Participant: 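This is the structure I want to talk about, given as structure tokens.
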Amino acid sequence: MANVVVVGAQWGDEGKGKIVDWLSERADVIARFQGGHNAGHTLVIDGEVFKLHALPSGVVRGGKLSVIGNGVVLDPWHLVTEIETIRAQGVEITPETLMIAENTPLILPLHGELDRARESQNSVAKIGTTGRGIGPAYEDKVGRRVVRVADLADPATLATRVDRLLIHHGALRRGLGLPEVDRDGLIAALSEVAPKILPYAAPVWKVLNEKKSEGRRILFEGAQGALLDIDFGTYPFVTSSNVIAGQAATGTGIGPGSIDFVLGIVKAYTTRVGEGPFPTELFDEDGQRLGERGHEFGTTTGRKRRCGWFDAVLVRQTCATSGVNGIALTKLDVLDGFEELKICTGYELDGRMLDHLPTAADQQARVTPVYETMTGWSDSTAGARSWADLPGEAIKYVRRIEELIRCPVALLSTSPEREDTILVTDPFAD
Ligand code: IMP
């Protein structure tokens, strides 16, 4: 049986929600392996809108197991609220349908405060984070001082963990002019939320390995996009986790050999939220049109997304670093009606041609995109369900993308509706 990893192959917001939902119907287990509630997925099922941030998309589908892996950072209070909201919409969430890895690090209020204080005080290198404490929580994980889900079960361990954490944060907060953390208040708040989280705690690595042995299909649901990866993204304008497909293994405790298919989600143009380099960014009417037609506003922060032409250099790179077997191309219909479309095929830097994005930040900021111009199409691609429904120029655009990124299209999504999907290769096929 095939296990599939879904990763965003640009800067996030590629339309993963719909594809993950589409695939999750065919999966038995859906697992998150990185990120936290900085992510945002909107799912529309039978007319009902579900907004998910921390919960795996599988929770809204009956009969599936949803899993939050150790690679995630989890805000327990946010999770409790999200569970209550989704439950109020009639979805059943129980320890049989949701499991949280016992070794998952917790995001505490002090992480969000630190994230926001840094962003507001750092005029030199503002990242444009979601302000949800993601980066500071990952720092504490690597710093070996974070509170993890399993620590909630034992009051003595919890107090020791909090004390260790506060030695570090006390010093930081004094430097930033933030008030001292109320230690006893924090422990009391954690003790209060503990009984709401602990019923879901499980050795997720073991459960997933058992499911694998039973031949169950596992869908690993990535958040953000590969260009926000802590190692391979546009550092430091990145998120604080590994986003690329290899993280599905370390972020859940299943071996890398368990991954059979990597599906990269790719938008037919490019967007980015927050600061950082963006070679094909548009500041003209075309950019504005992409934003308006594509409804490019963040699900989590409501921020307007920056928009630009399709960058084949970047997607070729992210397909390589994630080992993408096939892409799901989304939002092609947003390009309907453009007379001409541009695709970036390479960069020019100091008189040299580059076939990849350089690592040095100053070079990333200075590369000039080299474009190929393609004829647009006037007919609508929205709602197309087969290649025959697509205008010839749209097919040429898709084929050219495949060629440039050296990766085939497995799925083509032509509207937010689940049914408006052209299936070329089934990622779950044996
Ligand atoms: P953080 O993940 O909140 O630390 O934010 C770091 C960077 O990642 C910022 O540029 C955010 O805008 C971006 N980011 C984080 N999560 C998402 C997402 O789900 N979609 C798009 N961008 C994101």
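In this chain, numbering begins with 1 at the start of the sequence shown. Counting starts at 1 for both ligands and their atoms, in listed order. Everything numeric in this text was worked out from a predicted model, so none of it was measured.
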Participant: So does Q89 have more than 12 non-hydrogen atoms from other groups sitting under 6.0 Å from CD?
Facilitator: yes
Participant: If the test is side chain to side chain donor-acceptor pair (under 3.5 Å), which one of R32, K16, Q34, H41 qualifies with E221?
Facilitator: H41
Participant: If you have a sec, work out which protein heavy atom is nearest atom 12 (O) of ligand 1 and how many Å separate them, to one decimal?
Facilitator: R303 NH2, 3.0 Å
Participant: Is any N or O atom of R272, backbone or side chain, closer than 3.5 Å to an N or O atom of ligand 1?
Facilitator: no
Participant: Is the shortest N/O to N/O distance between D115 and ligand 1 below 3.5 Å?
Facilitator: no
Participant: Among all protein heavy atoms, pick out the one at the shortest distance from atom 2 (O) of ligand 1; state its residue, atom name and that distance to 0.1 Å.
Facilitator: T239 OG1, 2.6 Å
Participant: Measuring from L172:CG to E139:CD, what's the distance to the nearest 0.5 Å?
Facilitator: 8.0 Å
Participant: Please say whether Q224 places an N or O atom under 3.5 Å from an N or O atom belonging to ligand 1.
Facilitator: yes
Participant: Counting heavy atoms not belonging to R289, are there more than 12 under 6.0 Å from its CZ?
Facilitator: yes
Participant: Output the list of atoms in ligand 1 that are nearer than 4.0 Å to some heavy atom of A39, sorted by atom number.
Facilitator: 19 (O)
Participant: A side-chain contact here means heavy atoms from C-beta on lying under 4.5 Å apart; do L110 and L165 qualify?
Facilitator: yes
Participant: Please indicate whether R87 has more than 12 foreign heavy atoms, meaning atoms of other residues, nucleotides or ligands, lying under 6.0 Å from its CZ.
Facilitator: yes
Participant: Ligand 1 and G135, any nitrogen or oxygen pair closer than 3.5 angstrom?
Facilitator: no
Participant: Report yes if some heavy atom in the side chain of I254 is under 4.5 Å from a heavy atom in the side chain of I218; otherwise report no.
Facilitator: yes
Participant: How far is atom 5 (O) of ligand 1 from the closest protein heavy atom, and which atom is that?
Facilitator: T129 CA, 3.3 Å
Participant: Give the contacting part of V238 toward ligand 1: side chain, backbone, both or neither, where contact means a heavy-atom distance below 4.0 Å.
Facilitator: backbone
Participant: Would you mind listing which atoms of ligand 1 come within a distance below 4.0 Å of any non-hydrogen atom of W11?
Facilitator: 21 (C), 22 (N)
Participant: Just need the protein heavy atom nearest to atom 10 (O) of ligand 1, so name the residue and atom and give the distance.
Facilitator: V273 O, 3.2 Å
Participant: With a heavy-atom distance limit of 4.0 Å, tell me whether F237 approaches ligand 1 through its side chain, its backbone, both, or neither.
Facilitator: neither
Participant: Where's the contact between L228 and ligand 1, heavy-atom distance under 4.0 Å: side chain, backbone, both or neither?
Facilitator: side chain
Participant: Would you compute the distance between atom CG of D333 and atom CH2 of W377 and round it to the nearest 0.5 angstrom?
Facilitator: 9.5 Å
Participant: Any nitrogen or oxygen of N38 lying under 3.5 Å from a nitrogen or oxygen in ligand 1? Just yes or no.
Facilitator: yes
Participant: I need the atoms of ligand 1 closer than 4.0 Å to a non-hydrogen atom of I127, numbered in the order shown.
Facilitator: 10 (O)
Participant: Report the nearest protein non-hydrogen atom to atom 9 (C) of ligand 1: residue, atom name, distance rounded to 0.1 Å.
Facilitator: G128 O, 3.2 Å
Participant: Do other residues, nucleotides or ligands put more than 12 heavy atoms under 6.0 Å from the CD atom of E92?
Facilitator: no
Participant: How long is the straight-line distance from OH of Y347 back to OG1 of T368, given to the nearest 0.5 Å?
Facilitator: 10.5 Å
Participant: Drop me the distance from L282's CG to K342's NZ, to the nearest 0.5 angstrom.
Facilitator: 8.5 Å
Participant: Look at atom 3 (O) of ligand 1 and say which protein heavy atom is nearest, naming residue and atom and giving the distance to 0.1 Å.
Facilitator: T130 OG1, 2.6 Å
Participant: Just to confirm my output: which protein heavy-atom neighbour is closest to atom 20 (N) of ligand 1, and how far is it?
Facilitator: D13 OD1, 3.2 Å
